[in-house]
Amino acid sequence: MYDVSAAAGFYHQKNVTITGGMGMIGSNLARALVDFGAKVTIVDAMLSQYGGNHFNISGYEDRLTLLPADIRDKAAVDNFIRDQHLLFNFAAQVSHNDSIEDPWSDAQINYLGHLNVLESARLNNPDVRIIYSGSRLQYGKVTTVPTHESHPLNPETPYAFNKTVAESMYRYYYRLHGINSVMFRITNPYGIRGQMKHSRYGIVNYFIRCAMQQEDISVFGDGSQIRDYIYIDDLVEALIAAGASDSAQGQVMNLGSGRGTSFREMAETVVRVVGSGSVSSIPWPDSYINVETGDFIADITLAREVLGWSPETSLEDGIRRTLQFYQRYGEHYTERA
Ligand SMILES: NC(=O)c1ccc[n+]([C@@H]2O[C@H](COP(=O)([O-])OP(=O)(O)OC[C@H]3O[C@@H](n4cnc5c(N)ncnc54)[C@H](O)[C@@H]3O)[C@@H](O)[C@H]2O)c1
């Protein structure tokens, strides 16, 4: 367990901007940093397909600044990046399936939008520290599990291509221009404040919703594919640690639970914890089988060593906490997209 109280002093009175901060990861982080006394600005374009949700900052509206803006807008980026000590740059098109349907939007946000931010940092605020949220999909099909950061990258969809090239850009700006960055390759996050409108990403949250509504959960094939699910609180602790750490700067790190669970076991755990719903199997749709990456578990040794962090939440506990949140606040999250 990472001692967040050590980081609290670091963040006190720091100017911190979180792009995509109305979504799951950004809003949970924003709330923690506000509690540390950071001066938090959330930048979000509130694109309808994604997880941006005003309820995610409920109770915190007067304690942070919300700036409706898009990272594709150069002038807006130049404006918000000045005077910031830290920038958690999470704005993204988040679905790898959507990136197959609409590769342009993916490139415009996940590649060019991030180039905007890096170029603006170089010109307007070269001392800013940036945290980047890449994806385990950058690895594509892996040959060794658990997968270490040194494993070759074989991205297979536009989402994964753009996450990969954006990570290379962060490394380039760090190396050539001295822009401090920490680059994460995140596995499958889930938990409170995540969207459950659709199943195009954030599948654990979506399955919790299905089970709560006594629906059947369809698992592709036999559901034996292994995934690494990380609960949002563990993820946020790693992000907090990375922002506060000098030795993390310039590092590329996996960020996951380090534990593997089959897809079917995840679905069955959801049904058991929720106490309703059911699990059945359907054949793999072509659109999924063609980009299926096979089993994945993140090797998180580097993040453990560099950040002094370790994930603590079991899948069952994380699902239980998520369920309790949605039992209370689900009405704010269930409009189907
Ligand atoms: N959720 C996952 O499965 C997952 C896995 C690995 C990595 N990530 C990465 O983590 C980051 C955060 O994801 P999340 O799970 O919180 O998703 P989310 O959908 O909950 O949040 C994404 C937010 O980004 C905003 N956004 C999108 N495009 C924008 C733009 N051009 N300008 C400003 N805001 C914009 C959306 O409105 C939304 O509020 C993303 O970079 C994502 O790629 C997510």
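Worth knowing before you read on, the calculation uses all heavy atoms, side chains too, and leaves out hydrogens, waters and symmetry mates. Remember, it's 1-based here, ligands and their atoms both numbered in the order they're listed. Start at 1 with the first residue, then count along the sequence.
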A.B. asks: Look only at the side chain of Arg122 and the backbone of Leu118, and say whether a donor-acceptor pair between them is shorter than 3.5 Å.
C.D. replies: no
A.B. asks: Any idea which atoms of ligand 1 are less than 4.0 Å away from a heavy-atom of Gly51?
C.D. replies: 18 (P), 19 (O), 20 (O)
A.B. asks: Angle between ring planes, Phe55 versus Tyr329, binned at 30° and 60°: parallel, tilted or perpendicular?
C.D. replies: tilted
A.B. asks: Any N or O on Tyr50 sitting closer than 3.5 Å to an N or O of ligand 1?
C.D. replies: no
A.B. asks: Is the backbone of Arg136 close enough, under 3.5 Å, to the side chain of Lys163 for a donor and an acceptor to pair up by distance?
C.D. replies: no
A.B. asks: What part of Ile109 sits under 4.0 Å from ligand 1 if we count only heavy atoms: the side chain, the backbone, both or neither?
C.D. replies: side chain
A.B. asks: For Tyr50 and Asp98, does a side-chain donor sit closer than 3.5 Å to a side-chain acceptor?
C.D. replies: no
A.B. asks: Counting from 1, what ligand 1 atoms have a heavy atom of Leu47 closer than 4.0 Å?
C.D. replies: 27 (C), 28 (N), 29 (C), 37 (O)
A.B. asks: Going by heavy atoms, is Gly134 under 4.0 Å from ligand 1?
C.D. replies: yes
A.B. asks: Is there a donor-acceptor contact under 3.5 Å linking the side chains of Asn15 and Gln84?
C.D. replies: no
A.B. asks: Give a yes/no verdict on whether any heavy atom in Tyr159 is under 4.0 Å from an atom of ligand 1.
C.D. replies: yes
A.B. asks: With a 3.5 Å cut-off and no angle check, do the side chains of Asp35 and Tyr60 form a donor-acceptor pair?
C.D. replies: yes
A.B. asks: Is the shortest N/O to N/O distance between Ile186 and ligand 1 below 3.5 Å?
C.D. replies: no
A.B. asks: Considering residues, nucleotides and ligands other than His54, do more than 12 of their heavy atoms fall under 6.0 Å from its NE2?
C.D. replies: no
A.B. asks: Are any of the N or O atoms of Met24 closer than 3.5 Å to those of ligand 1?
C.D. replies: yes
A.B. asks: May I ask whether Arg136 has any heavy atom positioned less than 4.0 angstrom from an atom of ligand 1?
C.D. replies: no
A.B. asks: Should one rank Ala91, Gly113, Ala92, Gly23 by closest heavy-atom distance to atom 27 (C) of ligand 1, which comes out on top?
C.D. replies: Ala92
A.B. asks: Using distance alone, determine whether Asp44 and ligand 1 share an N or O pair under 3.5 Å.
C.D. replies: yes
A.B. asks: Any chance you could measure Thr19, atom OG1, to Ile42, atom CD1, to the nearest 0.5 Å?
C.D. replies: 10.5 Å
A.B. asks: Counting distance only, does the side-chain N/O of Lys39 pair as donor-acceptor with the main-chain N or O of Thr65 below 3.5 Å?
C.D. replies: no
A.B. asks: Among all the protein's non-hydrogen atoms, which is closest to atom 24 (O) of ligand 1, and how far away is it?
C.D. replies: Gly20 CA, 3.3 Å
A.B. asks: Contact between Gln195 and ligand 1, counting heavy atoms under 4.0 Å?
C.D. replies: no
A.B. asks: With backbone taken as N, CA, C and O and side chain as the heavy atoms from C-beta onward, which portion of Tyr201 lies under 4.0 Å from ligand 1: side chain, backbone, both, or neither?
C.D. replies: side chain
A.B. asks: Starting from atom 13 (O) of ligand 1, find the nearest protein heavy-atom neighbour and note its residue, name and distance.
C.D. replies: Ile25 CD1, 3.9 Å
A.B. asks: Say whether Tyr201 and Asn97, considering side chains only, have a donor N or O and an acceptor N or O under 3.5 Å apart.
C.D. replies: no
A.B. asks: Could you tell me whether some N/O pair between Gly52 and ligand 1 is separated by less than 3.5 angstrom?
C.D. replies: yes
A.B. asks: Is ligand 1 less than 4.0 angstrom away from at least one heavy atom of Ala69?
C.D. replies: yes
A.B. asks: Does the side chain of Tyr206 reach to within under 4.5 Å of the side chain of Tyr190, using non-hydrogen atoms?
C.D. replies: no
A.B. asks: Does ligand 1 come near enough to Met22 that some N or O of the ligand is less than 3.5 Å from an N or O of the residue?
C.D. replies: no
A.B. asks: For the side chain of Asn125 and the backbone of Ile81, is there at least one donor-acceptor N/O pair under 3.5 Å apart?
C.D. replies: yes
A.B. asks: Would Asn188 count as a contact of ligand 1 if the rule is a heavy atom under 4.0 Å away?
C.D. replies: no
A.B. asks: Evaluate Val94 for polar contact with ligand 1, using N/O atom pairs at a separation under 3.5 Å.
C.D. replies: no
A.B. asks: I need the nearest protein heavy-atom contact for atom 31 (N) of ligand 1: residue, atom name and distance, please.
C.D. replies: Asp70 OD1, 2.8 Å
A.B. asks: Side chain, backbone, both or neither: which applies to Tyr229 and ligand 1 if a contact is any heavy-atom pair less than 4.0 Å apart?
C.D. replies: neither
A.B. asks: Going by atom types only, do Thr147 and Asp299 share a side-chain donor-acceptor pair under 3.5 Å?
C.D. replies: no
A.B. asks: To check your reading of the model: name the closest protein heavy atom to atom 32 (N) of ligand 1, its residue, and the distance in Å.
C.D. replies: Ile71 N, 3.1 Å
A.B. asks: Which one holds for Asn110 and ligand 1: side chain close, backbone close, both close, or neither close, with close meaning a heavy atom under 4.0 Å?
C.D. replies: neither
A.B. asks: Side chains of His85 and Tyr11: is there a donor and an acceptor less than 3.5 Å apart?
C.D. replies: no
